Amino acid sequence: MTYAASLPGQPRGGAVGGPATDRAVCVLAPNPSPMTLDGTNTWIVAEPDSDLAVVIDPGPLDDGHLRNVIATAERAGKRIGLTLLTHGHPDHAEGALRFAELTRRRVRALDPELRLGDEGLEQGDVITTGGLELRVVSTPGHTADSLSFHLPADAAVLTGDTVLGRGTTVVAHPDGRLGDYLDSLRRLRSLTVDDGVGTVLPGHGPVLNDAQGAVEYYLAHRANRLAQVETAVESGLRTPSDVVAHVYADVDRSLWPAAELSVRAQLDYLGEHGLI
């Protein structure tokens, strides 16, 4: 068993970027960091025999990257018909306006402030562009406006930052809420059990070949972290920073500010449920 195969979700080996399924191609944005991993995954999704493609998360405001996305689609004989956003964080959405200028196509998102055009996105919406079918799945928690996109023809789901290809994500308090996030993970688990979704196409990191395993790991991880935070509070730690120093002692300190957001969300959740 390789190391990659032993990780939750069985991350696909090799470089991040390039073809991932019959219909999805990743163009990796040049914005690597401890928070963005290898960089933002911009997804081009299209039916193989169609000349229209959908782009999901054009990424940061980097003209070279945005033009590379268009060029990648054109090399495959496709033009951009629509842009979708999984959520509004700048590493996913900051380039959307410029991308719309370059492609002359609208942008759909849950948050009205991020849309370019009259149509938004809601749970249950079905997007059909060039014969492609994408089903909108509401997955708040990382942020209030987080969405995922179910790609039935490839038994795949594009998860933005709700499930990453490596590591775990931040519940970005106060916009992100832990209760919402747990519900979203359960919704994704239902896709893997009831709808046969086997592949995660994440917003950062490698493709995951075991969607159910990845989601189950995320749920177990969250339950474990929540128990650790509850124990830390019971031992007398009261401030989020003190809890982070105790619970996340084995995590790189550069990630502690992000961890504190998750801790604040966990403290809110424990308080709402009368557990602290």
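Worth knowing before you read on, the calculation uses all heavy atoms, side chains too, and leaves out hydrogens, waters and symmetry mates. Quick caveat: nothing in here was measured; it's all calculated off a predicted structure.
For Glu74, there are no side-chain hydrogen bond (donor to acceptor under 3.5 Å, both in side chains) partners, not counting sequence neighbours. Residues satisfying the salt bridge (charged side-chain N to carboxylate O under 4.0 Å, His left out) criterion with Arg135, sequence neighbours excluded, are Glu133. Checked against salt bridge (charged side-chain N to carboxylate O under 4.0 Å, His left out), Arg105 has no partners two or more places apart in sequence or in another chain. Every residue meeting the side-chain hydrogen bond (donor to acceptor under 3.5 Å, both in side chains) condition with Ser241, not counting sequence neighbours, appears here in chain and number order: Thr239. In this structure Glu260 satisfies the salt bridge (charged side-chain N to carboxylate O under 4.0 Å, His left out) test together with Arg264, sequence neighbours excluded.
The stretch residues 110-125 participates, sequence neighbours left out, in these side chain to side chain donor-acceptor pair (under 3.5 Å) pairs: Arg106-Glu119. Evaluation of the ring pair (Phe, Tyr, Trp, His ring centres under 6.0 Å) test over residues 224-257, restricted to residues two or more places apart or in two chains, returns none. The stretch residues 104-139 participates, sequence neighbours left out, in no ring pair (Phe, Tyr, Trp, His ring centres under 6.0 Å) pair at all. Counting only residues at least two apart or in different chains, salt bridge (charged side-chain N to carboxylate O under 4.0 Å, His left out) contacts with residues 35-49 comprise Arg23-Glu47, Asp38-Arg166. Note on residues 169-189: no pairs pass ring pair (Phe, Tyr, Trp, His ring centres under 6.0 Å), not counting sequence neighbours.
Counting only N and O atoms by type, the side chains of Thr159 and Thr162 include no donor and acceptor under 3.5 Å apart. Arg189 and Thr192 share no donor-acceptor pair across their side chains, judged by distance under 3.5 Å alone.
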Could you list the donor-acceptor pairs under 3.5 angstrom formed between side-chain atoms of residues 57-65 and any protein atom two or more places apart in sequence or on another chain?
residue: Asp57; atom: OD1; partner: Thr86; partner atom: N; Å: 2.8
residue: Asp57; atom: OD1; partner: Thr86; partner atom: OG1; Å: 3.3
residue: Asp57; atom: OD2; partner: Thr86; partner atom: OG1; Å: 2.7
residue: Asp57; atom: OD2; partner: His92; partner atom: ND1; Å: 2.8
residue: Asp62; atom: OD1; partner: Gly64; partner atom: N; Å: 3.1
residue: Asp62; atom: OD1; partner: His65; partner atom: N; Å: 2.9
residue: Asp63; atom: OD1; partner: Arg98; partner atom: NE; Å: 2.8
residue: Asp63; atom: OD2; partner: Arg67; partner atom: NE; Å: 2.8
residue: His65; atom: NE2; partner: Thr42; partner atom: OG1; Å: 2.9
residue: His65; atom: NE2; partner: Pro58; partner atom: O; Å: 3.1

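The hydrophobic cluster containing Leu28 also includes Val16, under a criterion of side-chain heavy atoms closer than 4.5 Å among ILVMFWY residues, counted directly or through chains of members.
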